[in-house]
Amino acid sequence: EASAAAGSAPEVDRLGRRLAAERAGQIRFLRGRLPSLEEAEDAWQDASIKFLQHAKALERAERPGLEAVSLRRLVVDR
């Protein structure tokens, strides 16, 4: 489980659950914009790791949709 690797802080656990719940839709979004399913999954994994590393700051920011904006930017960067 991703949150276990990140130290299991409550904000990491909450974000990890939210990312897991939204994974299928986010992979579909990325797949529609990247050349392969493998690249979409790699991009999602890279983004998820970054999100979990910064879970506390993301929770404090309370910005709905921040993950979606970050995924769009990730597509542009790839």
Side-chain angles (χ1 to χ4, degrees):
E1 180 172 271
S3 62
S8 291
E11 58 274 356
V12 173
D13 289 337
R14 285 189 292 273
L15 180 57
R17 284 191 300 272
R18 194 170 81 236
L19 289 171
E22 296 172 357
R23 182 182 185 279
Q26 292 171 341
I27 292 288
R28 273 192 308 276
F29 169 82
L30 291 167
R31 178 59 190 107
R33 287 152 182 84
L34 295 171
S36 69
L37 177 59
E38 292 78 19
E39 282 199 44
E41 290 175 341
D42 285 348
W44 185 85
Q45 185 174 15
D46 291 346
S48 294
I49 289 168
K50 288 177 185 174
F51 293 151
L52 291 169
Q53 288 172 336
H54 300 284
K56 189 175 241 177
L58 288 171
E59 188 168 275
R60 279 195 312 261
E62 295 182 9
R63 291 182 55 198
L66 184 60
E67 290 91 0
V69 169
S70 297
L71 288 176
R72 284 195 300 272
R73 289 181 180 160
L74 181 69
V75 168
V76 170
D77 290 345
R78 287 189 175 245

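Values in this document were obtained by computation on a predicted structure and should not be read as measured data.
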E41/R23 under side-chain contact (heavy atoms from CB on, under 4.5 Å): CA gap, chis, key distance, verdict: CA-CA 9 Å; E41 290 175 341; R23 182 182 185 279; 4.0 Å; yes
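Scored by the salt bridge (charged side-chain N to carboxylate O under 4.0 Å, His left out) test, R14 finds E59 as partners (sequence neighbours excluded).
Minimum interatomic distance between K50 and H54 (heavy atoms only, all atoms of both residues): O-CD2, 3.0 Å. A pairwise comparison of heavy atoms in F51 and L15 identifies O-CD2, 3.2 Å as the closest pair. Heavy atoms only, all atoms of each residue included: E39 and S36 are closest at N-OG, 3.1 Å. Between L34 and A43, the closest heavy-atom pair is CD1-CB, 3.9 Å.
Considering CG of L71 and CZ of R33, their distance stands at 10.0 Å, rounded to 0.5 Å. Here CG of L52 is found 10.5 Å from CD of E11. Values are rounded to the nearest 0.5 Å. We find the CG-CH2 distance between L30 and W44 to be 10.0 Å, quoted to the nearest 0.5 Å. Distance check: R31 CZ to E38 CD gives 8.0 Å after rounding to the nearest 0.5 Å.
Looking at heavy atoms from C-beta onward, R17 lies in side-chain contact with D13 at the 4.5 angstrom threshold.
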